[in-house]
Protein chains: 2
Amino acid sequence: MNDDLATRLREQGLRLTPQRQLILRAVVELRHATPDEVLAHVRSQVSSVNASTVYRTLEVLEELGLVRHTHLSDRAPTYHSALEHEHVHVVCRRCQKVRSYDPAVVQPVVDALAADGFVVDVGHLAIFGECADCGSAGT
Amino acid sequence: MNDDLATRLREQGLRLTPQRQLILRAVVELRHATPDEVLAHVRSQVSSVNASTVYRTLEVLEELGLVRHTHLSDRAPTYHSALEHEHVHVVCRRCQKVRSYDPAVVQPVVDALAADGFVVDVGHLAIFGECADCGSAGT
DNA sequence: CTGAGTGCAAAGGGTTTGCAACGAC
DNA sequence: GTCGTTGCAAACCCTTTGCACTCAG
């Protein structure tokens with residue numbers, strides 16, 4: 001993963017910095033994290049990394065195809081490693097729990113839209129609703 | 001629609017105010033609008049309506065089931081009338097164009113998740129990707 | 001040694017909140 | 001008259017930006 005980073009950065013004439021390594025590592029380790037959480041994680045290891053660096057780096061990493069983001073809440077976006085299997089996020093609005101599903105679950109939709117020439121970005125997809133636990137429990 | 005508003009407000013012991021009527025009307029008329037756009041629209045008719053009133057009112061209207069919101073961009077949410085047919089939003093990340101689809105297109109997904117007891121909020125769903133126009137045009 | 005990358009502080013969008021005045025019922 | 005609602009201003013969260021300094025290559 002660090003090799004990927006070095007390689008892809010070099011391809012773009014960009015530089016490998018300790019911050020970029022740490023931030024990528026944080027995203028991988030945290031699995032699903034907001035910029036803020038990434039910042040906290042990185043800071044727990046090395047003090048003095050700046051929030052703006054986190055934002056700028058996440059943007060770079062996303063352009064390099066190393067991380068991805070989705071919106072799992074009405075607030076900050078959530079980043080995850082692009083090296084994981086691609087997955088669809090299913091979010092319970094009541095308990096906030098996030099479940100990952102195999103992209104196969106949305107394949108029919110992808111196919112249906114493909115018929116119109118639309119290419120779905122499956123990794124970005126977040127499906128909201130109410131999970132079994134919350135639904136059965138009533139209001 | 002105004003009747004709905006009056007009725008539902010009364011049911012909750014809430015009050016019918018001119019602002020609430022104007023804001024609901026704005027959402028209906030604009031079809032897809034951010035809080036900001038709603039504010040601008042309302043102000044074009046009556047001066048002096050406050051942004052916080054718009055936010056508070058949209059929240060109330062959503063609780064009453066009269067409006068709905070989705071996230072069609074990384075910025076402000078988009079509100080629309082809940083009285084329209086429920087629809088799924090398909091958004092092109094490149095040209096930003098938003099297309100509405102019949103919920104039938106996602107029925108297989110809804111069914112698949114229902115098997116796990118998860119109830120999908122179809123109206124909130126936004127599917128991102130690249131549309132035919134942008135895809136064929138190349139990078 | 002040069003320019004990409006960083007930290008810092010300030011500004012920016014969007015949203016929320018406390019509070020006094022207002023007005024629907 | 002009461003209490004839900006509004007306007008206003010300030011605060012808030014999240015993110016972006018300008019700039020001087022730093023350090024990867």
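All of these numbers come straight from a predicted model, not from anything done at the bench. What you see below is based on every heavy atom in this structure, not just the backbone, and it leaves out hydrogens, waters and symmetry mates.
To the nearest angstrom, P of dC23(D) lies 15 Å from CZ of R20(A). Per the geometry, CG belonging to D74(B) stands 12 Å off P belonging to dG14(C), to the nearest Å. Atom pair I23(B):CD1 and dT6(D):P shows a separation of 7 Å (rounding to whole Å applied). Between R75(B) atom CZ and dT16(D) atom P the separation is 7 Å, expressed in whole Å. Across the protein-nucleic acid pair, Q21(A) atom CD and dA4(C) atom C1' stand 16 Å apart, rounded to whole Å. Atom CG in L24(A) sits about 15 Å away from atom P in dG5(C), given to the nearest Å. Distance CG (D36(B)) to P (dT16(C)): 13 Å, rounded to an integer number of Å. One interatomic measurement links the two molecules: CD of E59(A) to C1' of dC14(D), which rounds to 15 Å at whole-angstrom precision.
Among residues two or more places apart in sequence or in another chain, the ring-ring contact (aromatic ring centres under 6.0 Å, His included) test is passed with F128(B) by H124(A). By the ring-ring contact (aromatic ring centres under 6.0 Å, His included) test, F118(B) is found to be paired with no residue, residues two or more places apart in sequence or in another chain being considered. In terms of the ring-ring contact (aromatic ring centres under 6.0 Å, His included) criterion, residue partners of H32(B) (sequence neighbours excluded) are, by chain and number, H80(B), H87(B), H89(B). Residues satisfying the side-chain contact (heavy atoms from CB on, under 4.5 Å) test with V60(A), not counting sequence neighbours, are L9(A), L14(A), R20(A), L64(A). Under the side-chain contact (heavy atoms from CB on, under 4.5 Å) criterion, Q45(B) pairs with L22(B), R25(B), E29(B), H41(B), sequence neighbours left out.
Identified under the salt bridge (Lys or Arg N to Asp or Glu O under 4.0 Å) test for residues 71-86 of chain B, with sequence neighbours left out: R31(B)-E84(B). Sequence neighbours left out, not one pair with a member in residues 34-59 of chain B passes salt bridge (Lys or Arg N to Asp or Glu O under 4.0 Å). The salt bridge (Lys or Arg N to Asp or Glu O under 4.0 Å) analysis of residues 109-124 of chain B, with sequence neighbours excluded, yields the pairs R93(A)-D121(B), R68(B)-D121(B). Judged as a salt bridge (Lys or Arg N to Asp or Glu O under 4.0 Å), not a single pair has a partner in residues 97-108 of chain A (not counting sequence neighbours).
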Would you tabulate the pairs of protein nitrogen or oxygen atoms and nucleotide nitrogen or oxygen atoms of nucleotides 7-9 of chain C closer than 3.5 angstrom?
from   : atom 1 : to     : atom 2 : distance (Å)
dG7(C) : OP1    : Q19(A) : NE2    : 3.3
dG7(C) : OP1    : S48(A) : O      : 3.0
dG7(C) : OP2    : N50(A) : N      : 3.1
dG7(C) : OP2    : T53(A) : OG1    : 2.5
dG7(C) : N7     : R56(A) : NH2    : 2.9
dG7(C) : O6     : R56(A) : NH2    : 3.2
dC8(C) : N4     : S52(A) : OG     : 3.2

Q | Intermediate values then yes/no, side chain to side chain contact (heavy atoms under 4.5 Å, CB included), T70(A) and L125(A) | A | CA-CA 7 Å; T70(A) 351; L125(A) 199 58; 6.0 Å; no
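At dT16(D), none of the side-chain N or O atoms of Y55(A) fall inside 4.0 Å of OP1 or OP2 (strictly under the cut-off).
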Q: Heavy atoms under 4.0 Å is the rule here; annotate nucleotides 20-25 of chain C 5' to 3' with B where the base is hit, S where only the sugar-phosphate is, and - elsewhere.
A: ---BBS
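For the helix from dC1(C)-dG25(D) to dC25(C)-dG1(D), the rotation axes defined at the first and last 5 base pairs enclose an angle of 30°, given to the nearest 10°.
Proximity of a side-chain donor or acceptor of E130(B) to a complementary backbone N or O of R94(B) within less than 3.5 Å is not detected.
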